[in-house]
Amino acid sequence: MAAGATASVALVFTLAQAQWSIILGIALGGAYAVTLRPARGAYVDNIMAAGALGVPMWGLISVIAFPLISGQMPEWGAEQMRAHFPALVGWILYGASLGMVTQGLNDIAGHVLGPETKLGSNEPRETKRIVILGGGFAGMRTAACLEEQLREDRSVTITLVSETNALLFTPMLAEVAGGSLEPSHISTPLRSTLHRTEFIRGRVLEIDLERRLVITGDASSDSGSSSRRASPYDHLVLALGSVSNYLGMANIEKQAFNFKSLLDAIRIRNHIIEMFERADGEPNPKERRSLLTFVVAGGGFAGVELAGAINDFAHGILADYPALQPGELSTVLVHSRDRILPELSESLACYAQQRMESRGVTFRLKTRLTDARPGVVVLGDGVINAETLVWTAGTAPSPIVKSLSVEKDKRGAVIVDSVMAVPGYAGVWALGDCAAVNDAKTGKPCPPTAQLALREAEALAKNIRAQLAGQPLQPFHFDSLGQLCVVGYQTACAELVVPFGGGRSMRFSGLLAWLIWRGVYLAKLPGLERKIRVLMDWTIELFFPRDIVQTIDLP
Ligand SMILES: Cc1cc2nc3c(=O)[nH]c(=O)nc-3n(C[C@H](O)[C@H](O)[C@H](O)COP(=O)(O)OP(=O)(O)OC[C@H]3O[C@@H](n4cnc5c(N)ncnc54)[C@H](O)[C@@H]3O)c2cc1C
């Protein structure tokens, strides 16, 4: 850690004022080395991840903090950005060097010291089976951390069951729907990411908590009768995520697109292109308008990001349809509360709304969807003629959780105790979107986000290892790092918690927030290959128009 910090100082030194650079270099290098636990030999991945983190660091420190410290207001016009560019290169180099040093130190420490704690002595131990259900953020991270935690203990087997064979990086899903990213580039294959874990691609059909068995079937069939398989477990991790919840409105469920999976995003993109193709040959202006109206229900992160992406995509492909006019396009966001993005501060949410409105998105706030028919979306106070409706307004834990005889909250999520164990069932744990996890320090419920799911997974893996070793378990606590939301191309808003600032946060908007968003999420996207593919997509997007090739047939 010390060497990581020291090595970083020299590079940060060149970026701005010397005394602040040294302090920041030590703090950042130390924090990075402490928080990051890279797998052995993952030099390229760690260098890329740390290098990408240089982008938000540049924004926060060189563009904002240093001018503020010198008594000037930060500015990010084109002129200032040009002046800051050398520092950006420096920060990326700094991050990459730090990544290399921390990886080297990690490998040396692993070699010299061995694993953190060897479980028990050399005596052969009874085999324990850990079965993880769900290959999303929570499930995959739990498996990866358990592999790391138990790397010397071969008496434990780890099995991961998921109906998809890849982790979907949902923060970038709106970019797939908006045609900025290729679908497979935001999905990380589970088989190649996890090395020791047995992967079963299948659908969980039944969980027998009494007999300690999980029944899985073919991922493509509901009954799964042809290939039912029983997996016994000693420890069971429920990480099954959530599904769209239409609150009992069957017509809306029938008419609307979900926005949860990769296929949903691909369908939405193809459907929008289909609407343009049909509108191009439609002589009736009213019909044309209905074809070119895109309604998104829900003003949370997913809905706002999707509405922004659809709006950009629709305007971006308009050039390929000269018969259609910009005035005929409409993206409408319907939200039941009086402001969008309740997770962000009011001022940032207002900023997001204003920016989106200036780009052509219409907001229907304090309005609920009540029904939907083909070509018509029915609201509490009127109707919208639209052929496209996407639902992001409600989610509920995975239906399989419903069938379990465990205690659940009003959302239907599994209630767990402070160490994420399911009360009454020894060895059963739950986390992520399908669980009701409370922060042990604040007592507040943890929001269903990827950020929390990942932290819960890290804590849970440690707790399972501790339980196997007969050691005390740690209650879960995590201080949020902040929130980021893209509202359109080159525009985002960010609320980032100041480290050591007693919970204070800094707010950013516009291009800088967008660069921070891209830097942070690129760093978080698992796998070097995926990072490069996404970077290439983003670069191509800078120079070429959106692609209007339809990739799937729609009914
Ligand atoms: C469009 C969108 C954008 C988002 N943006 C952000 C963001 O910017 N930042 C953020 O922090 N969070 C974001 N989120 C929320 C985030 O994706 C979730 O909180 C996170 O995915 C929860 O992780 P999880 O592992 O609990 O569930 P998931 O990631 O949903 O994983 C659940 C897994 O279980 C599998 N599964 C479900 N049922 C079965 C079954 N019966 N059998 C087998 N496998 C099953 C699924 O295939 C999946 O692999 C976004 C969500 C969406 C939908």
Side-chain angles (χ1 to χ4, degrees), residues 131-143 160-178 186-188 190 199-207 214-222 224 231 237-244 257-265 268 296 298 300-307 309 341 343-344 390-404 413-414 430-437 446-457 460 480-486 492 494 517 520-521 524-525:
V131 176
I132 302 166
L133 306 183
F137 285 97
M140 187 181 108
R141 190 83 185 127
T142 306
L160 178 77
V161 183
S162 186
E163 57 190 355
T164 52
N165 76 348
L167 164 81
L168 175 63
F169 195 73
T170 50
M172 291 181 180
L173 197 59
E175 296 208 44
V176 173
I186 64 161
S187 302
T188 307
L190 294 166
F199 176 69
I200 300 175
R201 206 207 71 160
R203 178 167 296 169
V204 178
L205 302 173
E206 206 184 313
I207 301 169
V214 174
I215 312 293
T216 52
D218 188 350
S220 53
S221 85
D222 271 344
S231 304
V237 177
L238 303 171
L240 290 161
S242 58
V243 292
S244 296
F257 286 93
N258 281 326
F259 186 49
K260 292 287 290 177
S261 69
L262 200 56
L263 193 57
D264 296 335
I268 292 168
V296 177
F301 278 112
V304 167
E305 292 193 346
L306 179 67
L341 296 171
E343 305 88 344
L344 286 184
V390 187
W391 179 263
T392 70
T395 58
S398 163
I400 204 85
V401 162
K402 220 188 222 174
S403 62
L404 295 178
V414 179
L431 75 167
D433 282 11
C434 74
V437 182
C446 298
T449 63
Q451 189 184 146
L452 262 299
L454 290 171
R455 300 305 161 139
E456 289 163 12
L460 178 59
S480 169
L481 303 172
Q483 306 279 5
L484 292 158
C485 180
V486 171
W517 186 95
V520 167
Y521 281 115
K524 288 190 174 298
L525 180 69

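Each ligand, and each atom within it, is numbered from 1 in the order the structure gives.
- The backbone N or O of Arg203 sits nowhere less than 3.5 Å from a side-chain atom of Glu163 that would complete a donor-acceptor pair.
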List, for ligand 1, each N/O atom that has a protein N/O partner under 3.5 Å away, with both atom names and the distance.
residue  : atom   : partner : partner atom : Å
ligand 1 : 8 (O)  : Tyr521  : OH           : 3.4
ligand 1 : 9 (N)  : Tyr521  : OH           : 3.4
ligand 1 : 11 (O) : Ala450  : N            : 2.9
ligand 1 : 11 (O) : Gln451  : N            : 3.2
ligand 1 : 12 (N) : Ala450  : N            : 3.1
ligand 1 : 17 (O) : Thr170  : OG1          : 2.5
ligand 1 : 19 (O) : Asp433  : OD1          : 2.9
ligand 1 : 19 (O) : Asp433  : OD2          : 3.2
ligand 1 : 19 (O) : Pro448  : O            : 3.0
ligand 1 : 19 (O) : Thr449  : N            : 3.4
ligand 1 : 19 (O) : Ala450  : N            : 3.3
ligand 1 : 25 (O) : Phe137  : N            : 3.2
ligand 1 : 25 (O) : Ala138  : N            : 2.8
ligand 1 : 26 (O) : Asp433  : N            : 2.8
ligand 1 : 29 (O) : Phe137  : N            : 3.4
ligand 1 : 41 (N) : Val204  : O            : 3.4
ligand 1 : 42 (N) : Val204  : N            : 2.7
ligand 1 : 44 (N) : Glu163  : N            : 3.1
ligand 1 : 49 (O) : Gly135  : N            : 3.3
ligand 1 : 49 (O) : Gly136  : N            : 3.4
ligand 1 : 49 (O) : Ser162  : OG           : 3.3

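- Heavy-atom minimum distance, Cys485 versus Trp517: N-CD1, 4.1 Å.
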Report all side-chain donor-acceptor pairs from residues 168-175 shorter than 3.5 Å, counting only partners two or more places apart or in another chain.
residue : atom : partner : partner atom : Å
Glu175  : OE1  : Arg518  : NH2          : 3.3
Glu175  : OE1  : Trp538  : NE1          : 3.1

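- Remark: side-chain polar atoms of Ser261 are paired, donor with acceptor, to backbone N or O of Asp264 under 3.5 angstrom.
- The CG atom of Leu431 sits 4.5 Å away from the OG1 atom of Thr142 when rounded to the nearest 0.5 Å.
- Across all their heavy atoms, Val243 and Pro399 have their closest contact at CG1-CD, 3.8 Å.
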